[in-house]
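Read the structure below first, then the notes.
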Amino acid sequence: LDKAAAAVPRKYRVSLDETALVAKKAGLAELVRLLRPAQRGAEIIFDLPVYGLGVSGMIELPGKFDIAPDAVGRIVALPGVTGVVEL
């Protein structure tokens, strides 16, 4: 069952607050550490607000990333991350 679940494509949208993320550089370093490249894994899309325009921009990272369910919880808790949604 775990093998079948691992084969299902996953995609996560990570919503960011750029100001908070940049202010706490440790949060940015931890985010990079938690996103481990993998041949099979999840696709990641960053959702960043475009200040002054009232819209956001999406940035899809190239490749796939090994993201364990417990890592999603740690990502949500990082400074500058406002949410993580599995798409």
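Please read these numbers as outputs of a predicted model, since none were measured by experiment.
Contact check for K11 versus I45: side-chain heavy atoms found under the 4.5 Å cut-off. A 4.5 Å side-chain heavy-atom check between L34 and L78 finds at least one atom pair inside the cut-off. Residues M58 and R13 meet the side-chain proximity criterion, which asks for heavy atoms closer than 4.5 Å. Looking at I75 and L31, their side chains come closer than 4.5 Å, going by heavy atoms from C-beta outward.
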side-chain contact (heavy atoms from CB on, under 4.5 Å) assessment of L35 paired with D66
CA-CA 7 Å; L35 296 177; D66 180 19; over 6 Å; no
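Under the 3.5 Å distance criterion, the side-chain polar atoms of R10 are left unmatched by any main-chain donor or acceptor of L87.
For G27 against P79, the heavy-atom pair with the smallest separation is CA-CD, 4.0 Å. Closest of all the heavy-atom pairs between T82 and L16 is OG1-N, 4.0 Å.
In this structure, E86 CD and I67 CD1 are separated by 10.5 Å, a value rounded to the nearest 0.5 Å.
Taking the side chain to side chain donor-acceptor pair (under 3.5 Å) definition, one finds that R74 meets it with D70, sequence neighbours left out.
Of the charged side-chain nitrogens involved, at least one lies within less than 4.0 Å of a carboxylate oxygen, so that E43 and K64 count as a salt-bridged pair.
When only modelled atom types and interatomic distance are considered, S56 and D47 share a side-chain donor-acceptor pair under 3.5 Å.
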